[in-house]
Amino acid sequence: MDIQQTFPDDPIVLNIELGAGCGDFGKKFYFPCYLTELQKPTCEKSFIDHICDAHCLPWTKDRFITIIACNPFGYGFNTEESTTKLMDEISRVIITAGEFLVISSSTNRWGSIRVINREITKYQIKNPHLKISVTQKINTNADIIATFPNYQFYQSDQKTTATPNELTVIKISK
Amino acid sequence: MNNIKLSLANLTKSIDAIALPAKRLSAAKSFTPLNEHISQIMSFNFIDNDYENKDIIFNKIAYTSLAQYTLENTNLIEDEAPLVDNLNWDLFDEVRAVFKNEVKKRWQKFIDTEIGQEAFVFVVDCFENWLVYKQLHPNSTKNPWIKTNEILQENGFMYFLSDNLSDIEKYNSQIPKHERIEDMLTPYSSKLMMIASNSKKNEIKPLNNIEKMQAIVLQYLKSQHTKNKKYVTSKTLSKVLLAEMYQSFEKDWNQKFNPQRKFTHLSDVKIKNIVLLPLKRLGLIGTSNSGLFYIDNLDDIEEAKHFLTESQKRIQKTLSAYEHKARLMGY
């Protein structure tokens with residue numbers, strides 16, 4: 001059963017960032033972009049458009065072209081179970097040939113390319129109706145800084161700095 | 001040398017030790033390794049992040065962020081570069097499965113309860129962090145999650161951290177009335193509580209706001225470091241800490257801490273161990289006969305080093321005296 005939207009939705013916005021915290025990465029580099037977070041952030045200035053769970057997004061299916069997750073921790077590709085939970089929802093709201101971008105550190109068990117590759121292989125076997133490809137676009141912190149200039153990434157508290165060194169693109173065709 | 005080849009067999013040995021408690025101590029003893037663990041992951045943060053302009057509230061998100069930061073920046077305290085290529089996620093999966101099974105075998109009944117489920121998730125999460133760090137630095141003794149493993153191994157307690165007060169109240173109802181949370185709070189308390197359980201008894205304790213205390217110490221010592229003076233006695237520092245922590249409490253808990261209320265003050269020894277020692281080990285502050293000081297320049301480093309070298313000599317003299325006495329006694 002698909003989720004019904006209960007709020008005004010701007011059809012121009014085709015990108016969405018999950019777990020955005022106090023940052024504005026999506027709005028800065030993938031504008032126009034909705035920013036979401038599980039709980040209301042406590043920062044002075046927040047750019048969040050919707051408070052919602054990344055595993056239960058309040059949008060109808062086939063809604064977004066680009067979905068972004070910066071430094072996921074506590075959700076993502078740590079286990080088969082957590083991968084299924086996230087990917088089921090991503091596959092639902094993404095349009096065919098849409099891209100799920102994961103910016104992460106290579107030591108992050110929730111989002112590094114090697115964890116993603118491994119878990120997506122298992123997920124693909126269980127979901128043969130989907131065609132999923134995983135590509136690493138960036139593999140150094142210097143390239144992350146060069147690609148996304150003048151942007152400081154933070155951990156989930158939005159005070160502690162983060163140093164991601166990977167950009168992984170997961171392309172999903174349905 | 002970081003050249004150890006990790007395998008399921010040698011990691012399983014560690015798991016046996018973690019999952020089989022050697023002895024069951026009181027829950028209160030579980031709080032010591034946890035405080036040390038938190039103090040260690042904070043060390044990473046103090047090296048690289050700007051503590052002066054931060055509004056420090058130590059809660060669950062802050063804790064998770066520190067853990068995440070630690071795993072991304074092991075190079076800050078380790079002498080050798082992390083073996084990122086050593087990260088073997090298949091091995092990681094296998095070892096995690098063994099660990100979960102071992103813990104379940106021992107704690108299944110408890111894990112089936114609400115509090116047990118929460119503790120299980122947290123304990124597994126800590127183990128996973130230990131395992132990532134272990135793969136990055138196989139021989140390290142600085143892995144902050146060695147301490148969390150100790151709680152399970154040496155104390156025989158499952159544990160978790162929470163800042164969800166309604167949940168904590170629920171678990172708190174299981175302990176005697178004279179130990180209500182509000183009575184446990186001191187001006188040093190953070191928003192984060194540790195809940196430890198041996199499945200028969202739960203113990204809850206607010207964790208000290210070590211991060212805030214360390215930031216206060218650094219800021220104060222820095223402000224006192226002028227051309228003509230820089231030393232602060234530990235007595236003065238304790239007073240400054242308490243005064244500042246009253247204010248911090250008011251902000252965190254949205255209520256004033258009644259200064260008339262009795263609470264256990266942090267002893268000088270405890271302040272030394274949980275607040276000052278980690279800062280010294282990061283090379284941020286020093287000690288001399290005149291007091292503590294902020295390390296600002298090479299002279300400060302020399303002075304701190306000189307004091308330690310002299311202390312070492314004094315300790316060596318005492319050790320030699322004991323050895324001499326032992327020989328006289330015929331040993």
* Asked: Based on non-hydrogen pairs under 4.5 Å, which of B/Arg96, B/Gln135, B/Glu72 is most in contact with chain A?
  ->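 Maximum pair count with chain A is reached by B/Glu72.
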* Sort out for me which of B/Thr64, B/Val132, B/Asn129 touches chain A most, counting heavy-atom pairs under 4.5 Å. =>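 Among the listed options, the one with the most contacts to chain A is B/Asn129.
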* Option that, when pairs with chain B are counted at under 4.5 Å, heavy atom only, ranks first among A/Val115, A/Asn165, A/Asn78 ->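 Top count of heavy-atom pairs under 4.5 Å with chain B: A/Asn78.
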Which atoms of [X] come close to chain B, meaning under 4.5 Å heavy atom to heavy atom: side chain ones, backbone ones, both, or neither?
X	answer
A/Gln39	side chain
A/Ser112	side chain
A/Arg109	both

Can you label the angle between the [X] ring and the [Y] ring as parallel, tilted or perpendicular, going by 30° and 60°?
X	Y	answer
A/Phe25	A/Phe153	tilted
A/Phe100	A/Phe77	tilted
B/Phe122	B/Tyr63	tilted
B/Phe92	B/Trp89	perpendicular

* To do: For this output row, return yes or no: ring centroids of B/Phe249 and B/Phe257 closer than 6.0 angstrom.
  =>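 Between B/Phe257 and B/Phe249, which both carry aromatic rings, the centre distance is below 6.0 Å.
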Need one label for [X]: side chain, backbone, both or neither, based on atoms under 4.5 Å from any heavy atom in chain A.
X	result
B/Val84	both
B/Asn59	neither
B/Glu128	both

* Step by step, work out the salt bridge (charged side-chain N to carboxylate O under 4.0 Å, His left out) result for B/Lys212 and B/Glu244. => CA-CA 9 Å; B/Lys212 181 79 191 175; B/Glu244 291 276 345; over 6 Å; no
* Between A/Glu80 and A/Lys126, does at least one N-O distance fall below 4.0 Å, as a salt bridge requires? ->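 A salt bridge links A/Glu80 with A/Lys126.
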